[in-house]
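These numbers come from a predicted model, not from an experiment.
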Amino acid sequence: MKPITLITGATAGIGKAIAEEFAAHGHDLILTGRRQEKLTQIASSLREKGNRVLELCFDVRNREDVETHLGNLPPEWQKIDILVNNAGLAAGREPIHEGDPDDWDTMIDTNIKGLLYVTRVIGRGMVERQSGHIINIGSIAGKEIYPDGNVYCGTKFAVDAISRATRIDLVKFGIKVTAINPGMVETEFSMVRFKGNEDKAKAAYRGYTPLYAEDIARVAWFAASQPPHVCLNDITLTCTRQADARIIIRDE
């Protein structure tokens with residue numbers, strides 16, 4: 001049987017790239033996302049290439065939906081070998097006293113609680129089988145704070161802590177846990193963060209070559225393709241022009 005990989009937030013950006021990368025290496029895929037049209041598009045594209053794909057449209061923020069969809073998978077899809085917790089976002093970028101509590105709720109519910117809901121459901125099966133690999137897509141924002149990053153950074157620091165704690169809880173069951181923490185990646189991330197403001201979104205990547213979604217997908221595959229006795233616990237990567245969460249060298 002082919003390995004089964006579940007990827008959340010697979011409709012665009014890093015999630016979509018990871019789906020394409022793992023499909024290219026022969027994995028069967030369970031893809032989740034909130035946008036049915038985009039989910040169907042990527043699933044159809046991968047099926048045309050000969051991959052087996054199960055698409056599930058729901059929001060990871062909704063615990064009941066997570067448990068309904070992932071807790072009642074068809075028998076042939078239940079043995080999940082790899083879980084990629086990719087669903088996440090940034091909403092707004094203001095100092096703490098000017099932040100929008102609705103944005104805070106969206107980030108906390110998606111980046112932290114959604115990851116927990118999915119990990120709990122899928123982790124139970126991995127524990128029963130005493131095998132599996134959980135890959136959490138974090139951020140350099142979970143390693144270093146930057147101005148106006150407050151709540152987003154807080155959620156990604158939580159992902160870092162949860163990843164380490166999950167590794168401690170599950171190591172006795174032979175389950176690997178990897179955290180991948182990218183710096184600036186040019187996807188629709190900034191368009192979401194700045195709520196459709198193209199000028200602000202484009203400015204984030206102006207004057208240098210950032211990472212791309214495909215770069216993160218290759219790293220995820222590298223982590224997933226290690227021998228059974230090797231676990232890459234924590235990976236932080238940036239583009240060559242980025243030194244840390246604050247310093248990016250841009251062309252004049």
For the pair [X] (side chain) and [Y] (backbone), establish whether a donor and an acceptor sit closer than 3.5 Å, ignoring hydrogens and angles.
X	Y	value
Y208	Q242	no
N51	A23	yes
R34	G9	no
R47	R52	no
Q130	F173	no
R241	I248	no
E144	I140	no
R250	R206	yes
R167	V177	yes
T238	A243	no

What closest approach, in Å, do [X] and [Y] show between heavy atoms, and which atom pair accounts for it?
X	Y	value
L89	F189	C-CE1, 4.4 Å
A223	I235	CB-CD1, 4.3 Å
A213	T187	CB-CG2, 4.1 Å
D100	E94	N-OE1, 4.5 Å
G138	P182	O-CD, 3.4 Å
M126	I80	CE-O, 3.8 Å

So how far is it from [X] [atom1] to [Y] [atom2], rounded to the nearest 0.5 Å?
X	Y	atom1	atom2	answer
L46	D28	CG	CG	11.0 Å
S225	L232	OG	CG	8.5 Å
N150	H97	CG	NE2	10.0 Å
N136	D160	CG	CG	10.0 Å
I14	Y212	CD1	OH	13.5 Å
E128	Q78	CD	CD	9.5 Å

Is it true that the side chains of S44 and E48 contain a donor and an acceptor less than 3.5 Å apart?
-> no

Verify salt bridge (Lys or Arg N to Asp or Glu O under 4.0 Å) between D244 and R246, making sure each step is shown before the conclusion.
-> CA-CA 5 Å; D244 59 22; R246 294 173 178 240; over 6 Å; no

Give a yes or no on whether K202 atom NZ has more than 12 heavy-atom contacts from other residues, nucleotides or ligands under 6.0 Å away.
->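 Counting other residues, nucleotides and ligands, NZ of K202 stays at 12 neighbours or fewer.
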
Knowing that exactly one of L54, T32, N86, L31 qualifies, which makes a side-chain contact (heavy atoms from CB on, under 4.5 Å) with L6?
->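 Result for side-chain contact (heavy atoms from CB on, under 4.5 Å) with L6: T32.
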
Cluster partners of V171, using ILVMFWY side-chain heavy atoms under 4.5 angstrom, listed by chain and number?
-> none

Name all residues meeting the side-chain hydrogen bond (donor to acceptor under 3.5 Å, both in side chains) criterion together with N197; count only those two or more places apart in sequence or in a different chain, and write none if there are none.
-> none

Look at the rings of H25 and W221 and say which category their plane angle falls in: under 30° parallel, 30 to 60° tilted, over 60° perpendicular.
-> parallel

Pairs satisfying salt bridge (charged side-chain N to carboxylate O under 4.0 Å, His left out), at least one member in residues 169-190, at least two apart |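 As it turns out, the salt bridge (charged side-chain N to carboxylate O under 4.0 Å, His left out) pairs with a partner in residues 169-190, which skip direct neighbours, are R35-E188.
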
Would you please name every residue forming a ring-ring contact (aromatic ring centres under 6.0 Å, His included) with W104, sequence neighbours left out?
-> none

Sequence neighbours left out, cut at 3.5 Å: what donor-acceptor pairs do the side chains of residues 63-73 make with other protein atoms?
| residue | atom | partner | partner atom | Å |
| --- | --- | --- | --- | --- |
| T68 | OG1 | E64 | O | 2.8 |
| H69 | ND1 | D65 | O | 3.0 |
| N72 | ND2 | T68 | O | 2.9 |

Could you go through the side chain to side chain contact (heavy atoms under 4.5 Å, CB included) check for I30 and L56 one step at a time?
-> CA-CA 7 Å; I30 302 173; L56 300 173; 3.8 Å; yes

List the atom pairs, donor and acceptor, that lie under 3.5 Å between side-chain atoms in residues 151-159 and the rest of the protein, sequence neighbours left out.
| residue | atom | partner | partner atom | Å |
| --- | --- | --- | --- | --- |
| T155 | OG1 | N111 | ND2 | 3.1 |
| T155 | OG1 | Y152 | O | 2.7 |
| K156 | NZ | I137 | O | 3.3 |

